[in-house]
Amino acid sequence: MISPTRIFDWNGTGIAWGTTGSGPPVVLVHGTPFSSHVWHRVAPELARDHTLYFYDLPGYGRSEKRTGQDVSLGIQNKALAAMLAFWKLDRPKVIAHDFGGATALRAHLIDGCDYERLLLVDPVAVRPWGSPFVQHVRQHEAAFAGTPDYIQAAILKAYISGAAYRPLSDSELEPYIAPWMGPVGQPAFYRQIAQMDQCFTTRSNSATENFAARCRFCGDRRTTGYRRTVARRSPPCCRIAPSHLFLTLAISCRKTPRKR
């Protein structure tokens, strides 16, 4: 199991991070409502031949959560850029999921972070996005933040289970639910939902002509239509693949010269 036990102080915000394995660097960027724990099955395989760098996005997992905190996509790319600089990584391979996909794209397109390869797994990258639940929470954040613990646990179980490919047992769900419980975690859960704004992906979509990294996008059969949309809107250096290939692609990525 990977565990982000170290803390990086980013502009007064503690970001939990960790590293494992040996070999060329691979950076793992998780999505919402998850943490770096989402990589716990993939990481051991990747760590056989790579040095993995992983972290919990600000406001997620073991990273700092506080009232009034900006945890939107508008700052997550800056946090990733800061982590890459802190780790002194030059053009690492990056695997990013969901919100992490948008974060990695924005860090590349807006902050100038360069990657040898970028592998996106069901990224939040193309409008429209956001479930009916997300839209409802955005209108009633305070009401949801004050729900009793047993209601919060039930909401989290249903919400997180809906993102899983197969049914998850209570013990499997616990590491995903725990960070969003209690007087700190529960408000943080609704804070990150309330700050979901499509304007951030609109900006990165408009900058795709500046895309330089070689990219793979992976999704499962439930996202076939979405993958087709991404394919239509992606630059030529991007490739679309089914999600079951993502581990193979991540391990076997080879450096390819790029035109500048």
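FYI, side chains are in, hydrogens and waters are out, and symmetry mates aren't considered; it's all heavy atoms of this structure. As the structure is a computational prediction, the values presented were derived from the model and not from experiment.
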At what distance, to the nearest 0.5 angstrom, does CE of Met83 lie from CH2 of Trp10? 10.5 Å
Going by atom types alone, do Ser36 and Arg62 pair a side-chain donor with an acceptor below 3.5 Å? no
Can you confirm whether Ile177 sits close enough to Ile160 that some side-chain heavy atom of one is under 4.5 Å from a side-chain heavy atom of the other? yes
Are a donor atom and an acceptor atom from the side chains of Tyr190 and Gln152 found within less than 3.5 Å of each other? yes
Do His108 side-chain atoms and Cys113 backbone N/O form a donor-acceptor pair below 3.5 Å? yes
Is it true that Phe144 and His136 have ring centroids separated by less than 6.0 Å? yes
Worked check of salt bridge (Lys or Arg N to Asp or Glu O under 4.0 Å) between Glu172 and Arg41: CA-CA 12 Å; Glu172 288 176 310; Arg41 291 182 180 275; 3.3 Å; yes
Side-chain touch Pro24/Thr51, heavy atoms, less than 4.5 angstrom: no
Does the separation of the ring centres of Tyr176 and Tyr159 fall below 6.0 angstrom? no
Between Glu141 and Gln192, is there a donor-acceptor pair closer than 3.5 Å when you use the side chain of the first and the backbone of the second? no
Residue pair Ile193 / Thr32, side-chain heavy-atom distance below 4.5 Å: no
Within the distance-only criterion (no hydrogens, no angle test), does the side chain of Gln76 pair as donor or acceptor with the backbone N or O of Val71 below 3.5 angstrom? yes
When hydrophobic residues are tied together by side-chain contacts of less than 4.5 Å, even through go-betweens, does Ile155 share a cluster with Val184? no
Output for pair (Leu73 CG, Asp197 CG), nearest 0.5 Å, gives 9.0 Å
Evaluation steps, side chain to side chain contact (heavy atoms under 4.5 Å, CB included), between Leu80 and Arg106: CA-CA 10 Å; Leu80 174 56; Arg106 284 173 55 82; over 6 Å; no
Hey, mind stepping through His30 and His37 against side chain to side chain contact (heavy atoms under 4.5 Å, CB included) and telling me if it holds? CA-CA 8 Å; His30 70 82; His37 176 74; over 6 Å; no
Is it true that Ser169 and Ser171 share a donor-acceptor pair across their side chains at a distance under 3.5 Å? yes
Hey, are the side chains of Met196 and Ser72 touching, using non-hydrogen atoms and a 4.5 Å cut-off? no
Which is it for Arg48 and Glu45 under the salt bridge (Lys or Arg N to Asp or Glu O under 4.0 Å) test, yes or no, and what are the steps along the way? CA-CA 6 Å; Arg48 295 174 186 270; Glu45 298 301 321; 3.0 Å; yes
Would you name the heavy atoms of Arg191 and Thr67 that are closest together and state the gap between them? NH2-CA, 3.6 Å
Under 6.0 Å between ring centres, would you say that holds for Phe86 and Trp17? yes
Can you tell me if Glu116 uses its side chain to pair, donor with acceptor, with the backbone of Asp90 under 3.5 Å? no
Closest approach of Ala96 to Ala104 (non-hydrogen atoms, all atoms of both residues): CB-CB, 3.9 Å
In Å and rounded to the nearest 0.5 Å, what is the CG to OG distance from Leu168 to Ser161? 5.5 Å
Closest approach of Thr103 and Tyr55, non-hydrogen atoms and distance? CG2-OH, 4.3 Å
Tyr60 vs Trp180 side-chain heavy atoms within contact, under 4.5 Å: yes
Of all heavy-atom pairs linking Ala79 and Pro58, the shortest is CB-CG, 3.8 Å
Tell me whether Ser63 contacts the main-chain N or O of Gly59 through its side chain, where contact means a donor paired with an acceptor under 3.5 Å. no
Taking all non-hydrogen atoms of both residues, which atom of Ala43 and which atom of Leu52 are closest, and how far apart? O-CD1, 3.4 Å
In sequence, state the C-alpha distance, the side-chain angles, and the governing distance for Leu118 and Leu105, and then conclude on side chain to side chain contact (heavy atoms under 4.5 Å, CB included). CA-CA 9 Å; Leu118 174 60; Leu105 284 170; 3.9 Å; yes
Side chains of Arg66 and Thr13: do they bring a donor and an acceptor to under 3.5 Å? yes
For Arg91 and Asp114: C-alpha separation, side-chain torsions, deciding distance, then whether salt bridge (Lys or Arg N to Asp or Glu O under 4.0 Å) applies. CA-CA 5 Å; Arg91 298 188 70 238; Asp114 203 3; 3.4 Å; yes
Just so I know, are the side chains of Ile7 and Ile15 near enough to count as touching, which here means a heavy-atom distance under 4.5 Å? no
Can you find a heavy atom in the side chain of Asp70 that is under 4.5 Å from one in the side chain of Gln195? yes
Side chain to side chain contact (heavy atoms under 4.5 Å, CB included) evaluation trace for Tyr53 with Thr20: CA-CA 7 Å; Tyr53 294 85; Thr20 188; over 6 Å; no
Just so I know, are the side chains of Val42 and Leu28 near enough to count as touching, which here means a heavy-atom distance under 4.5 Å? no
